[in-house]
Amino acid sequence: MRVSIVIPVYNNAHFTKQCVESIFAVGAACDCEVIVVDNGSHDETQEMLAAFGKKVVVVRNEENRGFAKGCNHGAKTATGEYLVFLNNDTKVTAGWLDALVAEMTSHKKTGIAGSKLLYEDGSVQHAGIAFSDNHLPFNIYARERSDAPFVNRRRAFQAVTGACLIIARDFFTEIGGFDERYINGLEDVDLCLRARAAKRDVIYCPKSVVYHFESKTDGRYNHLTENEQLFLSLWGDTVVVDNKTLIADDGYLDDKDTVKVLLVEKDHRIAALEWENDVIKSSKFWALRTTYLAVKGKVMRLFGR
């Protein structure tokens with residue numbers, strides 16, 4: 001069996017070097033290749049990658065093509081039966097890859113599996129993705145203790161993060177790869193939802209542990225609004241709002257009544273922001289506002305104010 005680890009990068013050579021070195025340092029039971037897709041880096045990335053010699057396959061783009069296009073390009077170069085997409089701002093730990101491969105080979109219904117990601121301080125960054133009342137995804141249990149029981153059991157989610165996930169190469173091709181309409185955001189969640197639409201499971205695999213230094217690439221959130229609008233147009237009516245159900249099923253709220261309050265407050269705030277956004281974009285609002293100000297001006301002048 002061969003696994004292809006695809007790492008899209010744009011600058012941040014020191015993170016890429018640390019990531020690749022950690023892969024070689026911990027090793028794996030399976031045969032694997034490391035493919036780095038350099039999206040037009042203009043720092044010392046090229047020189048750093050050249051130092052690895054034939055141990056790393058380098059795909060060079062002259063411009064920054066973004067995460068989705070970069071990953072798809074790397075996947076076309078891959079020779080492995082499985083693809084692992086890995087962010088360059090990560091550091092893997094012993095057994096990370098073996099655990100992902102074991103998940104795929106032991107459970108034929110698994111279409112995608114994602115790792116447990118930790119912040120540098122050891123707290124949880126990713127333990128599965130949930131959906132809020134606004135139908136948008138977020139990392140459930142972020143900043144929780146890494147030894148908490150609810151982040152240490154295998155479970156199905158609607159999505160896991162693309163910072164580290166595994167998928168069979170043939171299945172990746174079958175469902176169309178990453179949707180290149182997204183620009184550095186939500187393309188991983190979209191891929192997971194398409195995997196589920198194809199009747200395959202998306203699994204969180206806590207035995208695979210990776211440190212993630214998170215969002216170090218320049219421009220990571222430049223297209224946040226457009227990505228969210230595209231995502232909601234495609235999946236807004238499909239995703240299941242599950243954040244409260246998940247934490248309730250895990251017993252997370254048993255001794256944390258304040259979390260219930262925070263969730264309610266968050267949902268109210270999201271609803272308020274959505275209303276404000278709709279009003280601000282509404283031409284009727286601006287027409288009424290103009291009329292109101294005109295009438296107000298006449299009234300004020302009438303009363304000599």
Side-chain angles (χ1 to χ4, degrees), residues 2-28 30-94 96-97 100 115 117-120 125 161-167 169 172-173 177-188 191 210-224 227:
R2 189 169 176 82
V3 176
S4 299
I5 303 170
V6 178
I7 308 171
V9 309
Y10 174 65
N11 293 329
N12 288 316
H14 61 292
F15 278 114
T16 304
K17 184 174 186 288
Q18 176 180 255
C19 173
V20 174
E21 286 180 341
S22 72
I23 293 171
F24 293 137
V26 302
C30 62
D31 181 25
C32 65
E33 63 178 352
V34 175
I35 301 171
V36 176
V37 182
D38 180 9
N39 272 327
S41 297
H42 49 76
D43 62 356
E44 62 274 22
T45 292
Q46 291 185 63
E47 294 78 9
M48 179 273 296
L49 291 174
F52 283 104
K54 294 183 179 180
K55 293 174 67 177
V56 173
V57 178
V58 179
V59 178
R60 170 73 179 175
N61 293 320
E62 293 305 317
E63 60 182 3
N64 186 357
R65 303 182 67 195
F67 181 83
K69 290 181 180 179
C71 286
N72 287 345
H73 194 176
K76 291 177 182 177
T77 305
T79 62
E81 180 182 352
Y82 291 101
L83 302 172
V84 172
F85 295 102
L86 181 67
N87 281 15
N88 70 323
D89 55 347
T90 58
K91 183 178 181 180
V92 302
T93 68
W96 76 285
L97 184 57
L100 291 175
S115 301
L117 303 184
L118 303 178
Y119 287 110
E120 193 169 8
Q125 190 260 323
T161 181
C164 183
L165 66 76
I166 187 171
I167 183 172
R169 183 160 59 98
F172 181 75
T173 301
F178 287 107
D179 188 333
E180 296 182 359
R181 290 176 292 178
Y182 295 98
I183 304 176
N184 299 333
L186 295 177
E187 53 271 271
D188 50 353
L191 183 74
V210 175
Y211 284 90
H212 186 205
F213 305 105
E214 196 179 34
S215 304
K216 297 300 181 182
T217 301
D218 291 341
R220 169 66 177 84
Y221 295 108
N222 286 357
H223 301 274
L224 178 64
N227 289 333

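One distance of note links CG of Leu165 with SG of Cys71; it measures 8.5 Å at 0.5 Å rounding. From Leu191, atom CG reaches atom CG of Leu186 across 12.5 Å, with rounding to the nearest 0.5 Å. One finds the SG atom of Cys164 at 5.5 Å from the CG atom of Leu100 (value rounded to the nearest 0.5 Å).
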Start with the C-alpha gap between Thr16 and Met48, add the side-chain angles, then the distance that decides, and say whether side chain to side chain contact (heavy atoms under 4.5 Å, CB included) holds. CA-CA 9 Å; Thr16 304; Met48 179 273 296; 3.6 Å; yes
Evaluate the side chain to side chain contact (heavy atoms under 4.5 Å, CB included) criterion for residues Val26 and Thr93: first the C-alpha distance (whole Å), next the side-chain angles of each, then the deciding distance (0.1 Å), finally the verdict. CA-CA 6 Å; Val26 302; Thr93 68; 5.6 Å; no
Given Val59 and Val36, is the side chain to side chain contact (heavy atoms under 4.5 Å, CB included) satisfied, shown in steps? CA-CA 6 Å; Val59 178; Val36 176; over 6 Å; no
List the steps and the verdict of side-chain hydrogen bond (donor to acceptor under 3.5 Å, both in side chains) for Asp89 and His212. CA-CA 6 Å; Asp89 55 347; His212 186 205; 3.2 Å; yes
Let's go through Tyr10 and Asn184 carefully: what are the C-alpha distance in whole Å and the side-chain angles of both, what is the deciding distance for side chain to side chain contact (heavy atoms under 4.5 Å, CB included) to 0.1 Å, and is it a yes or a no? CA-CA 12 Å; Tyr10 174 65; Asn184 299 333; over 6 Å; no
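A 4.5 Å side-chain heavy-atom check between Ile35 and Ile7 finds every atom pair outside the cut-off. Under the 4.5 Å side-chain criterion, counting only non-hydrogen atoms from C-beta, Ile5 is in contact with Ile23. Contact annotation: the side chain of Glu47 approaches that of Glu44 to within less than 4.5 Å [non-hydrogen atoms, C-beta and beyond]. When side chains are defined from C-beta on, Ile167 does not count as touching Tyr82, because their heavy atoms never get closer than 4.5 Å.
Nearest heavy-atom pair, Asn88 versus Cys19, reported as atom, atom and distance to 0.1 Å: O-CB, 3.4 Å. Ser22 approaches Val92 most closely through the heavy-atom pair OG-N, 3.2 Å. The minimum heavy-atom distance linking Ser4 with Gly80 is given by the pair OG-N, 2.8 Å. Nearest heavy-atom pair across Val57 and Thr77 is CG1-CG2, 4.2 Å. Here the closest heavy-atom approach between residue Ala163 and residue Leu117 is recorded as CB-CD1, 3.6 Å. Residues Ala75 and Val6 approach most closely at N-CG2, 4.4 Å, considering heavy atoms.
Applying the ring-ring contact (aromatic ring centres under 6.0 Å, His included) criterion to Phe85, with sequence neighbours excluded, gives Phe172, Phe178. Qualifying side-chain contact (heavy atoms from CB on, under 4.5 Å) partners for Cys30, counting only residues two or more places apart in sequence or in other chains: Val3, Ala28, Leu97, Val101. With sequence neighbours left out, the side-chain hydrogen bond (donor to acceptor under 3.5 Å, both in side chains) criterion links Tyr182 to Asp190. Residues passing the side-chain contact (heavy atoms from CB on, under 4.5 Å) test with Arg65 are Asn39, Asn61, Glu63, Lys69, His73, sequence neighbours excluded. With sequence neighbours left out, the side-chain contact (heavy atoms from CB on, under 4.5 Å) criterion links Gln18 to Phe15, Lys91, Phe213. Every side-chain contact (heavy atoms from CB on, under 4.5 Å) that Arg60 has, sequence neighbours left out, goes to Asp38, Ser41, Gln46, Glu62.
Not a single donor-acceptor pair under 3.5 Å links the side chain of Asn72 to the backbone N or O of Gly177. A donor-acceptor contact shorter than 3.5 Å links the side chain of Thr173 to the backbone of Arg169. Under the 3.5 Å distance criterion, the side-chain polar atoms of Asn227 are matched with a main-chain donor or acceptor of Ile183.
Within a 6.0 Å sphere centred on CD of Glu120, heavy atoms belonging to other residues, nucleotides or ligands number 12 at most.
If you check the side chains of Asn11 and His42, you find a donor sitting under 3.5 Å from an acceptor.
Taking a cutoff of 4.0 Å between a charged side-chain nitrogen and a carboxylate oxygen, Glu33 and Arg2 qualify as a salt bridge.
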